Amino acid sequence: MTDAAAPAREAGVAPKRPAHARPDVFITIDRGTATSAAAVVARVERRWRLLAAAAVPALAEPASAALPGLLLDRVRAADPALAGDLGLDATGQMPALIEAVGSPPAQVVVLAASEAVRRRLEADASAAGWRSIGTSAERLDPLEITRLATRPNVAALIVGTGDPPSADERELVGELVALASGVAERRPGMPIILVGATAALASAFPLGAEVIAVPRPHGEAEADLRALLAARRAGHADARHALVAATATLADVLDLRIELLEVGMSGALRARAEPGEEPGAPARIAAMEAPSAVFGLVDDDAALDRVEAWASVAMDRARLRDRLAELRLAPWADMAGDGALLRGAALRVAVERLIASTPELDGPAPDLVVLAGGAWSSIPPPAALLVLADAVRRPGIVQVALDSARLLAPLGTIEDGAERARVIGELVPDALVPLGTLVIARGVRPGRQAGQLRLAGGEAPMDLPLAGGRLALVDLPPGQAAAVEIGFRAPIDLGVRGKRFALRATGGLAGLVVDMRDVPLRLPERADARRDVLGSWEAALWPDRDR
Amino acid sequence: MSGSPFVAVRPLFVAAPRVRIPLLPGDRIVAIAGASVVAGDLLAERVRDPRLVESDGDGSPATARPGAWIAAEPGRHGTSPAGELLFEHGGRRRIATGPHPDLVAAPAAGRVVAIHPGVELVLQLEGTGIPGAELLGDPGHGRLTLLPGDGDGRIPLEVAHAGAIVVLPGRADAETLTRARAMGIAGAVVPALAERDRRDVVASEARQRAGLHRLAPFPVLILDGYVRRSLAGPMREILSLLAGSEVGLVADPPMLVTAMAARNLPHPDPNRVRVRGGPETGREGRFAGLAGPRRLAGGIVAETARVELDDGWEAVVPVGDLERFS
């Protein structure tokens with residue numbers, strides 16, 4: 001899904017404003033699979049401002065109607081004069097709604113002529129947001145394939161060969177198509193996507209079956225397999241498509257290289273955008289979804305091992321598995337106490353999976369990392385920065401911000417690119433909660449004095465020794481910035497290798513964090529020692545974790 | 001404004017539920033589309049350890065449709081067994097076949113509305129469905145019996161319960177469920193079951209199926225989730241009323257089915273809520289309004305609500321930790 005950000009492709013359709021609605025106030029709703037978040041946005045002193053926001057469980061069905069009413073009541077109670085100015089003083093008057101909807105996860109079965117093709121097709125399906133189960137003719141079990149492909153949660157079947165097919169694949173094409181045709185007979189209405197050499201065999205399928213031929217999956221833009229799958233998965237005003245559009249707009253209006261990491265209960269999204277090379281040129285955006293990076297998903301023992309490795313709360317393995325299963329059942333529940341710590345561990349695993357399954361987007365650290373989606377909002381904001389530092393071990397210097405009111409997805413549905421840029425540009429200070437500046441150093445020996453940090457922002461410069469294996473924290477509140485000089489005794493990798501670095505750090509709820517721990521991170525083998533280490537790191541950025 | 005719209009809703013009743021009974025390629029279908037059925041009527045014979053055999057096709061398009069039942073017929077290489085046509089390629093048929101020792105019976109009275117060979121049977125059941133979270137095992141039916149006690153590990157199972165579907169209101173584990181099955185009990189309803197116990201129950205079922213004898217279904221309906229909790233008050237009221245009557249347990253969607261109409265079942269107060277997370281887990285009370293965003297233990301800020309608990313205390317609970325029944 002790599003493309004220049006063109007408004008027609010980027011987003012869903014924003015609902016039209018009712019004629020009676022005031023043009024200077026609107027309500028956003030991000031209807032997720034776990035929680036619905038709403039916000040009231042209004043023009044105050046000639047710029048868009050966030051007035052109120054809240055999130056409630058998605059299973060509370062009438063919430064999407066009741067939540068805006070609750071927020072408007074709060075605005076009226078907090079500032080009756082402003083509510084009067086905005087025409088919100090009368091109960092029942094509802095401003096325009098801008099809504100993004102999280103599409104439920106979709107499942108596809110991939111039937112390929114060879115293992116290499118299966119891997120490629122599954123990667124395409126995953127990048128487009130589909131969960132996939134795949135098999136190939138090399139290990140074909142027709143009974144198992146039929147059983148898998150006819151399950152009610154399977155929404156599509158992909159049958160494919162290489163492009164061009166090898167001699168072995170050509171021999172197998174007929175049998176693969178016959179098997180797929182049998183599946184189509186049993187599941188009328190399920191789309192069958194024929195890729196490569198199978199595309200010429202659409203006539204082998206029963207009449208009435210929806211057969212989509214994609215002879216060259218990556219050859220032509222209009223027949224690109226990923227784009228086709230992404231369009232088929234997404235519903236109206238799809239939240240992830242809208243987030244891609246909003247990320248591109250953010251890169252434009254901030255003139256920064258931006259990476260967005262979104263994690264939710266139905267999947268995850270990673271998008272990287274950078275401003276156009278020339279003034280006025282659209283931002284360049286690349287985005288991939290990762291359905292395997294679902295928050296709290298423990299689909300095998302290895303996944304449970306990973307959560308266990310990140311858990312700073314003592315819990316036996318069976319209990320941990322049950323708590324994670326409960327998290328999947330009711331993600332909005334049990335958020336306090338060790339529920340929050342458990343979420344922190346599950347979120348680290350999801351982010352690790354997101355990064356591992358989107359290698360095409362790897363690259364140097366961006367200027368700004370934006371954390372979006374309900375999972376990030378289920379832990380305190382400073383802890384979110386620690387989770388990012390734990391899970392993405394990439395040397396460099398980045399600013400980190402949180403889309404805490406979940407505004408980006410609804411704003412990304414605004415069709416008109418110029419209007420979207422104007423609204424997002426004015427709302428950035430409210431929409432993105434600054435978490436701070438994260439510096440990750442690679443190549444520092446643990447336990448040793450490695451260098452010195454000098455911060456020249458306040459009345460007097462502040463010096464801080466930097467030791468290997470530790471986190472160094474500087475309290476730099478939101479809205480403040482400071483010039484920082486970091487000197488090391490030996491050359492260190494901060495994205496570029498050197499001994500002396502000068503940077504401008506911006507403040508946030510976590511401040512300036514200089515991460516001198518190993519890259520990649522090494523944790524003790526013994527569970528209690530590991531929990532102690534994790535606890536000490538969390539104590540630094542999550543001081544109220546035990547309160 | 002009533003705050004209850006913000007509390008997650010758990011539906012208690014589904015009128016005339018449409019349920020799906022999954023089939024495997026090779027299952028022999030006995031049911032007829034459109035026919036009425038009563039609990040226990042045979043719908044299909046389940047294939048066990050299905051295998052794929054090849055036979056010569058006769059070239060007739062009428063019988064070559066996948067899903068068609070192919071009778072046993074002599075061929076050049078001996079008699080090919082009866083089975084379900086999976087697909088045909090190059091003049092050769094691939095047929096799913098195997099022994100059919102297990103029976104699939106209707107879990108409740110209703111009508112067969114669709115048959116998709118090798119995929120599913122769809123039934124429109126009469127009466128009311130009471131949804132749960134998951135069903136382990138195949139659908140089944142029996143007389144509902146509500147066992148006393150809140151589970152100290154010694155659940156009073158008796159042979160007198162043979163043929164019944166028992167409700168275990170408190171702690172249930174794999175050992176108890178296996179014991180229940182061995183005593184001829186037809187199924188169980190539990191508030192929650194740990195993942196480890198679910199695996200043990202499923203593994204036990206698989207071991208039983210490895211034998212050659214015919215196996216009666218033993219469905220286990222899990223009402224809530226994985227972490228131990230007691231039976232919710234509104235659910236207990238309904239199950240108490242249904243005790244002694246014939247009920248069915250189905251898997252897709254997971255629910256208990258009764259012939260009784262929803263209007264004759266007890267409906268809970270719409271403001272009644274149950275706490276499903278945090279220190280007050282399992283307690284019930286009355287929703288008394290929103291309490292606004294508050295900082296919770298661990299540093300999270302979340303919407304909260306006031307709940308008048310049944311013991312008279314008022315607690316402030318995160319809205320996400322509440323559920324109400326409707």
Side-chain angles (χ1 to χ4, degrees), chain A residues 35 54-63 65-67 69-70 73-74 141-143 146-147 150-152 174-175 177-183 185-187 206 318-319 321-323 325-326 329-341 378-380 382-383 542-547, chain B residues 1-10 20 22-26 50-52 65-67 85-90 94 96 116-120 133 192 194-196 224-228 252 276-279 281 290 292-293 295-303 318-324:
Chain A
T35 56
V56 293
L59 268 186
E61 285 300 337
L67 193 52
L70 174 74
D73 283 347
R74 286 183 178 168
D141 178 350
L143 273 173
T146 304
R147 191 182 65 79
T150 53
R151 288 198 300 201
E175 187 163 3
V177 167
L179 174 55
S181 174
V183 171
E185 189 84 49
R186 290 163 194 269
R187 282 287 310 275
R319 175 87 178 155
R321 192 190 288 273
D322 289 343
R323 290 287 297 273
E326 287 279 336
L329 275 181
W332 50 81
D334 207 13
M335 292 178 80
D338 61 3
L341 298 177
S378 67
I379 57 173
W542 195 341
D544 42 7
R545 65 189 281 271
D546 299 320
R547 292 201 293 270
Chain B
M1 167 186 277
S2 163
S4 54
F6 304 110
V7 176
V9 184
R10 255 183 74 178
R20 175 182 171 274
L23 296 176
L24 297 173
R51 65 184 200 280
L52 209 58
R65 290 171 68 89
L85 178 63
L86 205 62
F87 65 95
E88 186 168 347
H89 175 60
R94 270 70 163 182
H116 301 122
V119 180
E120 63 187 4
E195 172 71 24
R196 185 173 49 192
D224 273 345
Y226 297 79
V227 176
R228 184 189 172 190
D252 192 2
R276 66 163 298 153
T281 297
L290 288 178
R295 180 180 290 272
L296 313 177
I300 307 291
V301 176
E303 291 289 334
V319 168
D321 281 349
L322 295 177
E323 63 181 357
R324 66 188 172 96

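These numbers come from a predicted model, not from an experiment. Just so it is clear: chains get the letters A, B, ... in the order the sequence lines come, proteins before strands, and each one is counted from 1.
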Under 4.5 Å from any heavy atom of chain A, what part of [X] do you find: side chain, backbone, both or neither?
| X | result |
| --- | --- |
| Glu195(B) | both |
| Arg10(B) | neither |
| Asp224(B) | backbone |
| Pro50(B) | both |
| Leu86(B) | both |

Report the option among [options] that has the most heavy-atom pairs separated by less than 4.5 Å from atoms of chain B.
| options | result |
| --- | --- |
| Ala318(A), Ala55(A), Ala54(A), Gly174(A) | Gly174(A) |
| Pro382(A), Ala340(A), Pro380(A) | Pro380(A) |
| Leu143(A), Thr150(A), Val183(A) | Leu143(A) |
| Ser378(A), Pro152(A), Ala330(A) | Pro152(A) |

Nearest 0.5 Å, please: how far is [atom2] in [Y] from [atom1] in [X]?
| X | Y | atom1 | atom2 | result |
| --- | --- | --- | --- | --- |
| Arg196(B) | Asp322(A) | CZ | CG | 8.0 Å |
| Glu323(B) | Trp332(A) | CD | CH2 | 9.5 Å |
| Leu67(A) | Glu303(B) | CG | CD | 7.5 Å |

Pick one of side chain, backbone, both or neither for [X], based on which atoms fall under 4.5 Å of a heavy atom in chain B.
| X | answer |
| --- | --- |
| Ala383(A) | neither |
| Ala325(A) | both |
| Glu185(A) | side chain |
| Leu329(A) | side chain |

Does the [X] side chain pair with the main chain of [Y], one donor and one acceptor, at a distance under 3.5 Å?
| X | Y | value |
| --- | --- | --- |
| Asp321(B) | Ala333(A) | no |
| Glu326(A) | Val227(B) | yes |
| Trp542(A) | Gly298(B) | yes |

Minimum heavy-atom distance [X]-[Y], with the two atoms named:
| X | Y | result |
| --- | --- | --- |
| Pro57(A) | Phe6(B) | CD-O, 3.5 Å |
| Pro142(A) | Phe87(B) | CB-CE2, 3.9 Å |
| Arg186(A) | Gly67(B) | NH2-N, 3.5 Å |

Q.
With a sphere of 6.0 Å drawn around CZ of Arg295(B), does it hold more than 12 non-hydrogen atoms of other residues, nucleotides or ligands?
A.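 Result for CZ/Arg295(B): open.
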**Q.** Greater than 12 external heavy atoms within 6.0 Å of Arg74(A)'s CZ
**A.**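 Counting neighbours around CZ of Arg74(A), more than 12 heavy atoms of other residues, nucleotides or ligands fall under 6.0 Å, so yes.
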